[in-house]
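Notes follow once the structure below has been shown.
Order of the sequence lines fixes the chain letters, A, B, ..., with proteins taken first and strands second; residue numbering starts at 1 for each chain.
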Amino acid sequence: MRQIFLYSSVLFNVFVNTTLFGFTNYASALDVGSDAPPFCLKSKNGKELSLTSYKGQIVYVDFWASWCIPCRLSFPWMNKIHQKYGALGVKVIAVNLDKKRIDAEEFMSLVPHEFSVAYDPDGSTPQEYGVKAMPTSYLIGRDGKILSTHKGFTDSTAEDVEREILVQLGATK
Amino acid sequence: MRFAVIVVYTFLLCSTFVGCSPVQPWEKGNLAKPHMAFDPDPTESEFTRRVYQSKEAARGGYGIEGGGCGCN
């Protein structure tokens, strides 16, 4: 009798471990200093947008969705960053994670923006980047390594990122 | 016989776990919709609460309220 319980509890454990922890990919958030995973996504104008083509530039990758309020708040700020530092080699890429593209387009038609927007409805890129909150943004240096990650968007996020960009521009001028 | 029953029962119990998977942050679009909120219209529910309190003489019960001054 005791053996039966032992067998069944072992079986139960195996099942729980494989179903809950085995098949699901628990991607951990990327550490500062690690290589930014390359991605190639469809952009707003239908062209392919590849991260590798911006090597040598400072890239700000932001994962956002139209239903996420802080993401919406970050749009005007990202546009400002693009206008201010775009010519100095800072590239803003906003990766949209809406399931329905029309939701993103509806929002973007209301908010003026000049930076690049890419679409990833399947969510494979945030999986690779280990996104844990919406929005999450990554500042990627000229060498393709992650300089900093930011969860959420507040005024202090905006200040921090701008300061980091300025440091990078100053250091590499 | 008893062994078989336990094994089958365990399999059934285990199979319920197959449906479990963590929801990723970017998959929470539906949860962000206004009609998914606990309280979709705070003004409306505050109004209802006030009416309920005065009609039913049932002040309180929604947490800590009032300063004991007797005013509603």
Side-chain angles (χ1 to χ4, degrees), chain A residues 1-27 29 62-72 95-104 107 119-136 151-152, chain B residues 1-56 58-69 71-72:
Chain A
M1 192 62 209
R2 194 178 284 172
Q3 250 179 344
I4 295 170
F5 274 114
L6 189 73
Y7 287 140
S8 59
S9 66
V10 166
L11 196 69
F12 184 75
N13 271 322
V14 168
F15 252 95
V16 170
N17 283 328
T18 49
T19 53
L20 278 183
F21 307 112
F23 301 140
T24 49
N25 184 11
Y26 276 90
D62 178 79
F63 292 97
W64 70 283
S66 66
W67 48 263
C68 143
I69 306 296
C71 308
R72 297 167 80 108
V95 181
N96 176 258
L97 305 173
D98 272 294
K99 291 264 184 270
K100 288 183 197 147
R101 193 170 169 154
I102 188 90
D103 294 340
F107 166 68
Y119 297 97
D120 185 8
D122 302 328
S124 54
T125 321
Q127 184 89 45
E128 278 180 60
Y129 276 77
V131 170
K132 290 275 179 283
M134 292 294 280
T136 300
K151 276 185 200 169
Chain B
M1 184 58 202
R2 185 175 271 176
F3 181 76
V5 167
I6 288 177
V7 167
V8 167
Y9 180 73
T10 314
F11 261 104
L12 284 176
L13 192 68
C14 294
S15 64
T16 59
F17 280 88
V18 179
C20 301
S21 84
V23 179
Q24 301 289 0
W26 56 91
E27 296 171 338
K28 292 180 180 172
N30 281 338
L31 291 172
K33 285 176 182 167
H35 48 264
M36 289 295 276
F38 278 119
D39 194 352
D41 190 345
T43 318
E44 164 72 28
S45 56
E46 180 59 28
F47 176 73
T48 312
R49 188 182 306 173
R50 286 217 164 208
V51 172
Y52 175 79
Q53 281 172 1
S54 52
K55 293 269 180 202
E56 303 285 328
R59 190 139 200 271
Y62 286 104
I64 301 159
E65 276 182 62
C69 62
C71 45
N72 275 316

> Which atom names give the shortest non-hydrogen contact between A:Ala133 and B:Pro25, and what distance separates them?
Replying inline: N-CG, 3.8 Å
> Should we count NZ of B:Lys28 as having more than 12 external heavy atoms under 6.0 Å?
Replying inline: yes
> Which atom pair, heavy atoms only, marks the closest approach of B:Trp26 to A:Trp67?
Replying inline: O-CZ2, 3.8 Å
> If you draw a 6.0 Å radius around CD1 in A:Ile102, do more than 12 non-hydrogen atoms from other residues or ligands fall strictly inside?
Replying inline: no
> Can you tell me how far CD of B:Glu27 sits from CE of A:Met134, rounded to the nearest 0.5 angstrom?
Replying inline: 10.5 Å
